[in-house]
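Here is the structure we will look at, set down as structure tokens.
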Number of protein chains: 2
Amino acid sequence: MTATSGRVPVGERLPTLEDVARIAGVSRATVSRVINGIRNVDPQLHKMVWDAVDRTGYVPNRLARSLVTRRTGTIALVVSDSESHDDDPFMGRFFADPYFGRVVGGLMSVLRAAGIQLALQIVGTEQQRTRLVGDLRHGQADGVVVLSLPGHDPLPRMLTDAGVPAVMIGRPAEPVPINYVDLANDTGASLAADHLVGRGCQLVGMISGPADVPASSDRIAGFRRSMARHGHAWVPQVTGNFTQESGERAMHELLAAHPTLDGVFVANDLMALGALLALRAAGREVPGDVAVVGFDDSSAAVAANPALTTIRHPLEDMAAEAARLLMTRIDDAAMRVSSVIYEPTLVRRQSA
Amino acid sequence: MTATSGRVPVGERLPTLEDVARIAGVSRATVSRVINGIRNVDPQLHKMVWDAVDRTGYVPNRLARSLVTRRTGTIALVVSDSESHDDDPFMGRFFADPYFGRVVGGLMSVLRAAGIQLALQIVGTEQQRTRLVGDLRHGQADGVVVLSLPGHDPLPRMLTDAGVPAVMIGRPAEPVPINYVDLANDTGASLAADHLVGRGCQLVGMISGPADVPASSDRIAGFRRSMARHGHAWVPQVTGNFTQESGERAMHELLAAHPTLDGVFVANDLMALGALLALRAAGREVPGDVAVVGFDDSSAAVAANPALTTIRHPLEDMAAEAARLLMTRIDDAAMRVSSVIYEPTLVRRQSA
DNA sequence: CACAGGTCGGAGAGCGCTCTCCGACCTGTG
DNA sequence: CACAGGTCGGAGAGCGCTCTCCGACCTGTG
């Protein structure tokens, strides 16, 4: 024990369990037991160990621990992008969209309390997917949350085949026995249809997202079905890609083809913002001439002028639920494959 | 060798280097050398090893490798929030803001190509900080990118003291020998001042962010200095907290105190959106009665009505540079502490 | 008092890799 | 032919932990 600080230096390297054991005068096993609170340990030894920990400034090496316990305290968030390649500008757009941040925020609200960290990985190529699954089987992470992007994606099936605990946010494009959390997108679209018809719209169009995204196709199906029930057999539709520019372009197109349009359902708020721009440019009043309903209830909805009537998407809650579901699955390998579906609500503002 | 697939199963567990060595008929060391491409290996052995790898489906265990190489292929992104606690709703707002996503996108654009994953961690309490630094000293991650939030934050100093490779996005609040990437916030504010004075504004106000955020105080200082040079000794100022609502409130306040105000510089686009709302509510035309300049050039700037004249902030580029800087530092422990400052530009739209 | 049954600390193997060191062999030069 | 110098594969230690197994000791009961 030095007079200066009581610190016991152990050379250049960091103190290990071995060092603590030597200083406390006990075995490595005992130190491990005290640190991890496993089994009763004599109160006197207990104190001697903690004293030695304080004097050395010992911090367990998580890597070494994980190697034997097969638990890492890490969950992987994988953005699976089966169609793009490295340096695809698409990823930039994806991250700038609040969608990504809201998902991360929801996941972290649960994981943070549990002391679990989130490891972000983007996989695009076949090789990256194979490597990811290999790493996960080795326990590189305890489980994985998958954010699926447009297109056919083999990753969900690969994960379930490998027996890796996994949860998707948004249902898989094709049937795969994987856990997921989703929004009742069709119900949300129905709410929009009800609202537009309810305010007396006669010719209602739709600006949709890409048809190969499940959330998008569900919104299309739900909207058309509901409109048909209200007697509107024909719903003109233009497809965008969820960006503001594509919404603006789509609105112009819709307006050119159907000048008497008096209502439009836009599959996300960002495109709705673009639609608003196009309507203003075309000299149409919103909602006077054309009523607009968005989807997501993002911060853009409030910022818009007029403020957007939209469908609320409790994304943070969904992500938090995904985290809880995954943690349950990690602790119980026999958990049956389950899904949790959230109900959307209509938020009425000025645009419709 | 089985007739079915040529796969050699090795029981329940995953194949290890040992299994590959046995099947290839060489030593573990040789397999390791072939897999990692270290030293020349006899072409014949080389082939036998790769054949064995294919037959077993071997994937190296990254954890075990990291334990000895002291390299993990992971970089930590830490959001240091010295003032909040777990479950603070503030974090929700933080993640929903495009700022977070743009930083992640910029980092990943560089890290993805290098096959490095990003591990997200939020630290709030003293204990969490200590544990993080301990884990990092053990090589839990090869380096760390720090996103600092309002307030005095001890983390940067703790990291440099521990010798952990680190880069901040945005300068530290107080002098610390840490690498960082930043925007010339004062220059950006000057550009706004020049523009407002240049279009003939006589009474110009400012809506600022919290003074304890470096980016914010730099914008305040740059703006006041530049206005003074233009002969405007007095600049009324109200402080917001970067949210839209706070911008709206601040604008109302400014207008109440200075009804003849004809120009305003708002320290970020989100608050500028709020200011626009307040001006409309007060019956002022933008830019006719009051000219508005924002900051960030976020997607909200284009969506606003009128579209915002604002200061462009190349955040993705800055984050990408931070990643490069960090990777250089990881490979060269002797690298001198460095900073990279980006120059902002004025983007002229309708609001000023 | 004898002995069954429980409690608790230590020894040592093991997780799956890398890396140093050594020795076998091979080549070229005087 | 002798020997210096280089190349390359294998043995075995080591990274820093956990966990099983065993034996010492302690308690309580018939």
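All of these numbers come straight from a predicted model, not from anything done at the bench. Lettering of chains follows the sequences in order, A, B, ..., and the numbering in each one begins at 1.
Summarising the geometry, the separation between CD1 on B:Ile35 and P on C:dG16 is reported as 15 Å, rounded to the nearest angstrom. Rounded to whole angstrom, the span from the CZ atom of B:Arg22 across to the C1' atom of D:dA11 amounts to 18 Å. Residue A:Glu18 contributes atom CD, which lies 13 Å from atom P of D:dT18 at whole-angstrom precision. Straight-line distance from the CG atom of B:Asp135 to the C1' atom of D:dC17: 14 Å, rounded to whole Å. If you measure from atom CZ of B:Arg28 to atom P of D:dG14, you get 14 Å, rounded to the nearest angstrom. In this entry the distance linking CZ of A:Arg65 with C1' of C:dC15 reads 15 Å, nearest Å. For the pair A:His46 NE2 and C:dG9 P, the computed distance is 10 Å after rounding to whole Å. Rounded to whole angstrom, the span from the CG atom of A:Leu67 across to the P atom of C:dC17 amounts to 9 Å.
Along DNA chain D, the nucleotide nearest to A:Val68 and the one nearest to B:Ala64 differ in position, and the one closer to the 5' end is contacted by B:Ala64.
Taking 4.0 angstrom as the limit, B:Thr16 places none of its side-chain polar atoms (N or O) nearer than this to OP1 or OP2 of C:dG16. For A:Arg70 and C:dG16, the shortest distance from a side-chain N or O to OP1 or OP2 is below 4.0 Å. The phosphate of D:dG9 has neither OP1 nor OP2 within less than 4.0 Å of any side-chain N or O from B:Thr30. Residue A:Ser32 places at least one side-chain N or O under 4.0 Å from the OP1 or OP2 atom of D:dT18. When the side-chain nitrogen and oxygen atoms of B:Asn61 are compared with OP1 and OP2 of C:dC15, none of them lie within a distance under 4.0 Å.
As judged by a 4.0 angstrom heavy-atom cut-off over every strand, A:Ile38 is placed among residues making no nucleic acid contact. If you check every strand for non-hydrogen atoms under 4.0 Å, B:Leu45 touches sugar and phosphate atoms only.
Residues B:Gln117 and A:Gln140 meet the side-chain proximity criterion, which asks for heavy atoms closer than 4.5 Å. At least one side-chain heavy atom of B:Asn179 sits less than 4.5 Å from a side-chain heavy atom of B:Arg329. Between B:Ile75 and B:Val144 there is no side-chain heavy-atom pair separated by less than 4.5 Å.
In this structure, D:dG28 forms a base pair with C:dC3, meeting either the Watson-Crick or the G-U wobble geometry with both donor-acceptor distances under 3.5 Å. If you check C:dC21 for Watson-Crick or wobble pairing at under 3.5 angstrom, you find it paired to D:dG10.
Using the six-membered ring where Trp is involved, A:Phe95 and A:Phe100 have ring planes that are perpendicular, over 60° apart on the 30 and 60° scheme.
With respect to the salt-bridge test (charged N to carboxylate O, under 4.0 angstrom), the residues A:Lys47 and A:Asp51 qualify.
In the interface, the side chain of A:Arg33 is not paired with the base of D:dT18 through any donor and acceptor atom under 3.5 Å apart.
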